[in-house]
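Everything on this sheet refers to the single structure shown next.
Reckoned from all heavy atoms, side chains included, excluding hydrogens, waters and symmetry mates.
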Amino acid sequence: MAKREVEVVVISDVHLGTYGCHAKELLQYLKSIKPGILILNGDIIDIWQFSKSYWPESHMKVLRRIMKFITEGVPVYYLTGNHDEMLRKFSDLTIGSFQLTDKLVLELGDKKAWFFHGDVFDVTMQHSKWLAKLGAVGYDTLILLNSFVNWLLTLMKKEKMSFSKKIKAKLKDAVKFINDFEITAAELAIDQGYSYVVCGHIHQPENRQIRTEQGSVLYLNSGDWVENLTALEYHGGKWDIYKYTSELHRADSDDGDQLDAEDLNLKLDIKTMLGQFYNPGLSGQKPGIPFS
């Protein structure tokens, strides 16, 4: 099947290495596109909850697909988030068409776009990191329970449900946090003269114009690949939220790519690599990443 050409693709909050990650669906999406630029806007690998006992092949295949884009010369920007904050010690690392950084500014046509994950706005992250990490474990547990319930609902031929979305919708503090996050990002972008501000972090896909007394900006959020399964796509001067559905990818669920048939463990030992990143004793050292 022909791949869709997209000028810029933004994904965030994939949380590879956790039970809630929808790696198989993300892999199908990545196989279906031909991006001019790929921006990974934080929390792609969940180093907070990384465990050597859980790294399915589907998670490895997502990384291999991203590496395939790099070997093809596609500019790939990895912007660090809070769950992969350990990578920030290696910021500004460049390998071929791959760049690791904390934020990014791109010129799209005659407009400037500002990309960053967004955890800088999270007070919990800044002052009570242990509490945020505890919340991440609770969230992952909730997603696991939700997956089991949805499995039962599917057997009963009933509509799936999202526990976390229902909780967020009912908690006024959660709604206020999301709104404050969006307004803060918009105000900073307007002050800096950007036309677009693109974030992740809050797992809330969005594409809306925000106006303040100082001006206006298009606020965008790529959502996540735990609940919403969304990405941002820029093409022909327009931004859109892409929402994954199994119906759209049924025909190309298996494209016969030789990449997926390779011995992935021999090509890249991700567990060893992440173990090195996780080891605080390696502070200041740059990792050797095999691309053989």
Closest non-hydrogen atom pair, [X] against [Y]:
X: Phe181; Y: Gly118; value: CE1-O, 3.2 Å
X: Gly237; Y: Tyr196; value: O-OH, 4.4 Å
X: Gly236; Y: Glu7; value: N-OE2, 2.7 Å
X: Ser12; Y: Gly223; value: OG-O, 3.3 Å
X: Asp84; Y: Asp43; value: OD2-N, 2.9 Å

Give a yes or no on whether a salt bridge exists between [X] and [Y], defined as a side-chain N under 4.0 angstrom from a carboxylate O.
X: Lys111; Y: Glu107; result: no
X: Arg88; Y: Asp119; result: yes
X: Glu233; Y: Lys238; result: no

Are [X] and [Y] connected in the hydrophobic side-chain network, where two residues link if heavy atoms are under 4.5 Å apart?
X: Ile95; Y: Ile45; answer: yes
X: Phe90; Y: Val76; answer: yes
X: Ile241; Y: Val9; answer: no
X: Ile190; Y: Trp239; answer: no
X: Phe115; Y: Leu220; answer: yes

Calculate, to the nearest 0.5 Å, the distance between atoms [atom1] and [atom2] belonging to [X] and [Y] respectively.
X: Tyr219; Y: Glu182; atom1: OH; atom2: CD; result: 4.5 Å
X: Ser222; Y: Asn41; atom1: OG; atom2: CG; result: 5.5 Å
X: Thr245; Y: Tyr242; atom1: OG1; atom2: OH; result: 6.0 Å
X: Lys103; Y: Tyr77; atom1: NZ; atom2: OH; result: 14.5 Å
X: Leu63; Y: Ile44; atom1: CG; atom2: CD1; result: 9.5 Å
X: Leu100; Y: Asp92; atom1: CG; atom2: CG; result: 8.0 Å

Please answer whether the main-chain N or O of [Y] pairs with a side-chain N or O of [X] as donor and acceptor at a distance below 3.5 Å.
X: Asp102; Y: Thr80; answer: no
X: Lys3; Y: Lys31; answer: yes
X: Asn228; Y: Thr230; answer: no

Q. When the aromatic ring centroids of His59 and His15 are compared, is their separation below 6.0 Å?
A.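 Distance test on ring centres: not under 6.0 Å, no.
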Side-chain contact test, heavy atoms from C-beta onward, threshold under 4.5 Å: evaluate it for [X] versus [Y] and give yes or no.
X: Ile47; Y: Leu87; result: yes
X: Val197; Y: Phe116; result: yes
X: Phe69; Y: Pro35; result: yes
X: Leu16; Y: Asp46; result: no
X: Gln209; Y: Ser216; result: yes
X: Val6; Y: Tyr234; result: no

Checking side chain to side chain contact (heavy atoms under 4.5 Å, CB included) between [X] and each of [options], which is the one that passes?
X: Leu232; options: Ile39, Val10, Asp240; value: Val10
X: Trp114; options: Leu188, Val198, Val217; value: Leu188
X: His117; options: Leu79, Asp13, Leu40; value: Asp13

**Q.** Leu30 vs Ile33, side chain to side chain contact (heavy atoms under 4.5 Å, CB included): CA-CA, chis, key distance, verdict
**A.** CA-CA 6 Å; Leu30 293 175; Ile33 58 173; 4.3 Å; yes
Q) Is there a side chain to side chain contact (heavy atoms under 4.5 Å, CB included) between Gln28 and Tyr244 once you walk through the steps? A) CA-CA 9 Å; Gln28 288 183 356; Tyr244 174 92; 2.6 Å; yes
Q: Take Gln214 and Asp191, measure what side chain to side chain contact (heavy atoms under 4.5 Å, CB included) needs, and give me the verdict at the end.
A: CA-CA 7 Å; Gln214 287 71 38; Asp191 186 60; over 6 Å; no
Q: Would you check, one step at a time, whether the test side chain to side chain contact (heavy atoms under 4.5 Å, CB included) holds for Ser97 with Ile70?
A: CA-CA 6 Å; Ser97 63; Ile70 296 170; 3.6 Å; yes
